[in-house]
Amino acid sequence: MKRMLINATQPEERRLAIVDGQKLLDYEIEIEGREQRKGNIYKAVVTRVEPSLEACFVDYGEDRHGFLPFKEISRSYFTPGVSPSQARINEVIKECQELLVQVEKEERGNKGAALTTFVSLAGRYVVLMPNNP
């Protein structure tokens with residue numbers, strides 16, 4: 001059974017954990033005065049493609065560059081003429097290419113935010129997911 005545990009004993013910090021039995025699924029800390037970026041959408045520019053990681057790093061306007069894994073890149077951004085089934089990231093994405101990205105996971109420690117091009121906009125009754133297959 002999934003449960004959400006919230007610790008708000010300190011006024012300047014809130015901790016949230018999602019657990020399934022004894023297994024921790026997600027953990028987040030929200031600090032008062034620090035802006036949350038999770039869910040925000042940005043226009044980003046690819047700064048570095050890393051074939052060994054099957055990912056790229058993008059500048060989305062924050063201090064650290066975001067991390068965009070290959071599986072989180074929509075086919076609409078692929079270079080024309082490349083077969084999506086056999087594609088590798090260095091054949092599909094080029095440096096200086098512009099992308100629309102959404103923050104999936106906040107920056108932690110010395111790591112940049114985890115990003116996706118599968119943008120989702122949640123409304124009251126429907127979720128718009130324009131790039132999803």
Side-chain angles (χ1 to χ4, degrees):
M1 179 175 77
K2 288 186 183 179
R3 295 185 310 164
M4 183 182 297
L5 306 173
I6 301 170
N7 178 350
T9 56
Q10 301 169 357
E12 69 276 351
E13 182 178 270
R14 287 177 294 287
R15 298 176 190 159
L16 173 94
I18 299 174
V19 293
D20 188 4
Q22 294 293 313
K23 184 178 176 185
L24 179 66
L25 299 177
D26 194 20
Y27 178 73
E28 290 186 29
I29 298 175
E30 187 176 301
I31 299 171
E32 198 67 37
R34 197 175 122 218
E35 185 180 332
Q36 294 280 55
R37 292 184 181 86
K38 187 175 180 180
N40 288 0
I41 300 170
Y42 298 93
K43 182 178 179 183
V45 177
V46 177
T47 56
R48 197 168 78 232
V49 177
E50 290 291 338
S52 60
L53 294 174
E54 280 292 311
C56 62
F57 292 92
V58 298
D59 180 9
Y60 68 106
E62 295 300 325
D63 295 335
R64 286 195 202 96
H65 290 189
F67 180 75
L68 182 63
F70 182 57
K71 66 180 178 86
E72 294 294 333
I73 300 173
S74 170
R75 290 182 179 163
S76 63
Y77 292 112
F78 284 18
T79 306
V82 176
S83 170
S85 61
Q86 300 171 344
R88 300 193 48 85
I89 192 161
N90 52 342
E91 301 165 351
V92 169
I93 297 294
K94 303 295 179 204
E95 288 186 16
C96 301
Q97 184 176 346
E98 292 183 344
L99 308 167
L100 196 65
V101 296
Q102 186 171 30
V103 177
E104 276 192 323
K105 200 177 222 180
E106 295 277 338
E107 295 177 356
R108 288 193 182 167
N110 61 351
K111 294 186 176 186
L115 306 172
T116 182
T117 61
F118 297 111
V119 175
S120 65
L121 295 169
R124 188 171 188 172
Y125 300 108
V126 70
V127 177
L128 177 65
M129 300 168 67
N131 287 336
N132 260 358

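Under the salt bridge (Lys or Arg N to Asp or Glu O under 4.0 Å) criterion, the residue pairs touching residues 54-69 are Arg37-Glu62, Glu54-Arg88, Arg64-Glu107, with sequence neighbours excluded.
In this structure, NZ in Lys94 is found 10.5 Å from CD1 in Ile89, a value given to the nearest 0.5 Å. The CD1 atom of Ile93 lies 6.5 Å from the OG1 atom of Thr79; values are rounded to the nearest 0.5 Å. Distance CG/Leu100 to NZ/Lys43: 9.0 Å, rounded to 0.5 Å. Lys71 contributes atom NZ, which lies 8.0 Å from atom OG1 of Thr116 (distance to the nearest 0.5 angstrom).
When every heavy atom of Gly66 is checked against every heavy atom of Tyr60, the shortest pair comes out as N-CE2, 3.6 Å. The two residues Val49 and Cys56 make their nearest non-hydrogen contact at CA-CB, 4.0 Å. Between Val82 and Ala87, the shortest heavy-atom contact is CG1-CB, 3.7 Å. Shown here for Ala55 and Pro69, the closest heavy-atom pair between the two residues is CB-CA, 3.8 Å.
Between Phe67 and Lys111 there is no side-chain heavy-atom pair separated by less than 4.5 Å. At least one side-chain heavy atom of Leu16 sits under 4.5 Å from a side-chain heavy atom of Met4. Using a 4.5 Å cut-off on side-chain heavy atoms (C-beta onward), Leu99 and Leu115 make no contact. Put simply, the side chain of Val92 does not reach to within 4.5 Å of the side chain of Tyr77, judged on heavy atoms.
Under the side chain to side chain contact (heavy atoms under 4.5 Å, CB included) test applied with Ile29, the options Arg14, Arg15, Glu106 reduce to a single match, Arg15.
In this structure, Phe70 and Phe78 have parallel ring planes: the angle between them is below the 30° cut-off, well short of the 60° mark.
Put simply, Ile41 and Val103 are part of the same group of oily side chains (I, L, V, M, F, W, Y) that touch within less than 4.5 Å, one to the next. Under the 4.5 Å side-chain heavy-atom criterion for grouping Ile, Leu, Val, Met, Phe, Trp and Tyr, Val19 is connected to Tyr27 within one hydrophobic cluster.
For Glu28, the side-chain hydrogen bond (donor to acceptor under 3.5 Å, both in side chains) partners two or more places apart in sequence, or in a different chain, are Lys38.
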Without placing hydrogens or testing angles, list every side-chain donor-acceptor pair under 3.5 Å for residues 117-129, not counting sequence neighbours.
from   : atom 1 : to    : atom 2 : distance (Å)
Thr117 : OG1    : Glu72 : O      : 2.8
Thr117 : OG1    : Ser74 : N      : 2.6

